[in-house]
Every structure is written in structure tokens, then in C-alpha cells.
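Remember, it's 1-based here, ligands and their atoms both numbered in the order they're listed.
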Amino acid sequence: MTRSRIDDMIKGQEGLTELNRQTLDCLQLEKLNALLRREKARGGFYRALPEKLASLSELSALPFTTDEDLARHAPGLLLCSQAQIQRVLSDATSGTTGAAKRVFYTEADLENTVQLYVAGLGELIFPGSVTLICFPFSGPYGLGELIAEAITRLGARPIKAGPFLSYGDYAALLERERPDTFVGMPVQLLGMLRVCGRRSLRRALVSGDACPDSVMDGCEALLGSRLFPHYGSREMGMAGAICCPAHEGMHLRENHVLAEIVDETGRVLPEGERGELVITTVGMEAMPLIRYRTGDFTRILPSACPCGSETRRLDRIERRAEGLSAAALDELLFADPAVADCRYDLGESGLSITALTCGEGAEERLLPRLCAAFPALPISLSCRSARPDDRALYAGKRVVTARKDG
Ligand SMILES: [Zn+2]
């Protein structure tokens, strides 16, 4: 089995000839101390932290950075001049301040993002491949644009479809361009495969949202190959960890991102235990963060990867959900082979589910299963056949929407 391409990427970026656990730990401590030193010298957001750590284990004594900090102090978190900023991503909502959470990137940050995409996509895309990109295209340095750049560097051809086409338009595109690979969100892929059929598609990289077992199993059965999941968040430049040929977790770009897993009280958990992912993004040029709580739940896989890379691997990711989670509902609904998409609206009268289906009898099969799984919740389910002019029911991450009745 070939080693994860992340090793060669890190060696190239850091000028190393060899990469093992020891070289990675040294590199991380060096970068972390350089960041602490810079913050102290410039009186930055992290100026109150110690100037130097003697070992990586001391990281766990430093305070967390929260979404609130990103909203209130974003310009103060910048380590470069505003003129060097190529892109800003901001959120409409954030905590109690109502201010938008903002994350900034320099050209070097975005180049590192593209290089991680090249490493991750290089596992499934070959020169001459044609790849359907179903992430949004939002102008220079947008997510779709960065993925397209990585695909071009691999000698393959990107088809810039975006996430908003109708099933009919995707079907026409599949027919015309005959892509062999797909890059996009997991449920979107499953919906497309169920409504349009596999056609020329053979392999896929999925990212951007949770991927429940039923969705992954459904995609893999229809594609006839294993999925390549990717994990990234805005705070790590939309690029974090990639799947290798072993398909056992996702290798983290550890020259840029340090990972810890903590419990509810913030205590660091040993390798192998599930908890909240906390990241320290020492490799981000514009806005490195120390101990940022991601709200994503996972674990660091404890054993060595069969591919031979010694970079740490993250297991499957789950989003924090207060109350009813879309992922739990997705797990149940997409296990039915007729379900192409569904959306969830929660109001005072209960949960209302709208599902697009291909095939008969989904409603009769699903309602008893839903009532058994969520006995305390009044549920109404409305299924109808997916039409060519239907689109995915969520444009972004899947959530249970709060609805006002009446
Ligand atoms: Zn591996």
C-alpha cells in the first residue's frame, strides 16, 4: 500500500528528508514557540500566554479560544497586515454578541489549502480524470475555485457544477461531460446517485458535512468503491485532514494544525477516546489560533496506519447538536434506498419531514421506524417522487430547522 500523500506534502513544505513522529513533534513545538514569541513581541491577542513551552504537553495548560473571541477580536488576532489578506470568511451568527465570526487568509494560507487538496485528491484523481465539483464557486479563492485549481494541478479537468443545480441539470451534465470523480457533500452525492444513477462516476471525495453510516454505505454501494472523506473547517483554511488508500481515518496536516481531544470540562483525553476536537493552527499565516474549540466531535485513532504515515489520524466527525440532530435522522432515513433527500422542520406541533424519493412505499416503511426511534416526538412525514427540476433540500450543512407554527 502506498503511503499517504500527506507525508510528501509536509516534507516538501518543511524542507525535510524524513518524516516520523519525532520530526513532527519537534516541528510542532518549534512553530508553536515561534507563534508565542511573536504574540508576546507584538502585544497581540495571545500576549498574556507564556513566551515559550518546554514541551508539547504544556499546551494543555493554555486557555481555549472561542467563537466569541473570533467575533470580537478578529482584527486583533491578525498576524499580518490587512493588505496581505486575500480572503475573509464570515458567519452570520455567533454566540451572544451577535457579531459575525471572521476568519482571514493570506495567499500563503490558501496555497497550503490547495496543496492539501492536491494530496487528498491525488489518491483518487489521475491525469486525464474528469471531476464534477459540487461545492460553491464564489469568486477568486472561493472553495470551489481552490478545489478546481488542485484538480488542474493533478492534470485532470474540473467541471464547475456547484451545489445548486437541479437533478435534471446534473443528469445532463453527467451525460455530456462523463466525469469519473465527484467532489462535494455526502448527502448531495447520495441524492444524485439515487435520482440520476451512477453513469460514469466511479470515485468520490466527500466533505463539508457529517457523513452518517447509511449515507456512506449507500454511496459506496452505488459507486462500487470506497469514499474518500476529507475534514476541514474555516479556522484551518477549509483544509485539514485527508483519507489515504487504507481508508482508516483521515491524516491531519500536522505541520500546520495541532489536534487535541477534550471532554466537556475541557480536560485533554488520551488517544483513542472521543471528545471535542481542539485545534492550534500554528501553520496559518494570517490568523493562527491557539486551542480553538471546533464544536466537532471525533477521536485520534490510536494505532499506526497501515499506509506507514506517522501523522495523526482523525476518526469520523460528528457536529455538536443541541437537541434533535439532523445526522441521527439522516442515519435512519437514508438507510431506505428510496430516499434521495429530506428536510427537517421542528415546530411546537412536532417534527415535520419532507422527503424526495425515487421508488414506491417509502412513507409506509419509514413512519413506523421513525416513531419507534423517536417515541416522544410527534412526527409528520410527507414523501413525494423526486422530479428533474428538484434541487437538494439544503444548500449547505444539514440541520433541523426551527419553525414557527401558525
Ligand atoms: Zn494512512
Only counting residues at least two apart or in another chain, list the ones meeting side-chain contact (heavy atoms from CB on, under 4.5 Å) with R42.
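side-chain contact (heavy atoms from CB on, under 4.5 Å) list for R42, sorted by chain: E39, L79.
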Notebook entry, point to check: Near the Zn ion (ligand 1), which protein N/O/S atoms fall under 2.8 Å?
Noted result: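 The answer is C244 SG, H251 NE2, C305 SG, C307 SG.
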If we count only N and O atoms by modelled type, under 3.5 Å, do the side chains of T311 and S309 hold a donor and an acceptor together?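 The criterion, which ignores hydrogens and geometry beyond distance, is satisfied for S309 and T311.
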query = Y141 ring centre to R87 NZ or CZ under 6.0 Å, with the angle to the axis within 45°?
reply =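 No cation-pi geometry.
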Quick one: is the NZ or CZ of R387 closer than 6.0 Å to the six-membered ring centre of Y167, and within 45° of its axis?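 No.
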- Task: Can you sort out the partners of Y46 under ring pair (Phe, Tyr, Trp, His ring centres under 6.0 Å), two or more places apart, ordered by chain and number?
- Result: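 Residues passing ring pair (Phe, Tyr, Trp, His ring centres under 6.0 Å) with Y46: none at all.
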Exercise. Under the ring pair (Phe, Tyr, Trp, His ring centres under 6.0 Å) rule, what pairs show up with a residue in residues 241-276, not counting sequence neighbours?
Worked result: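 Sorted pair list: F228-H247.
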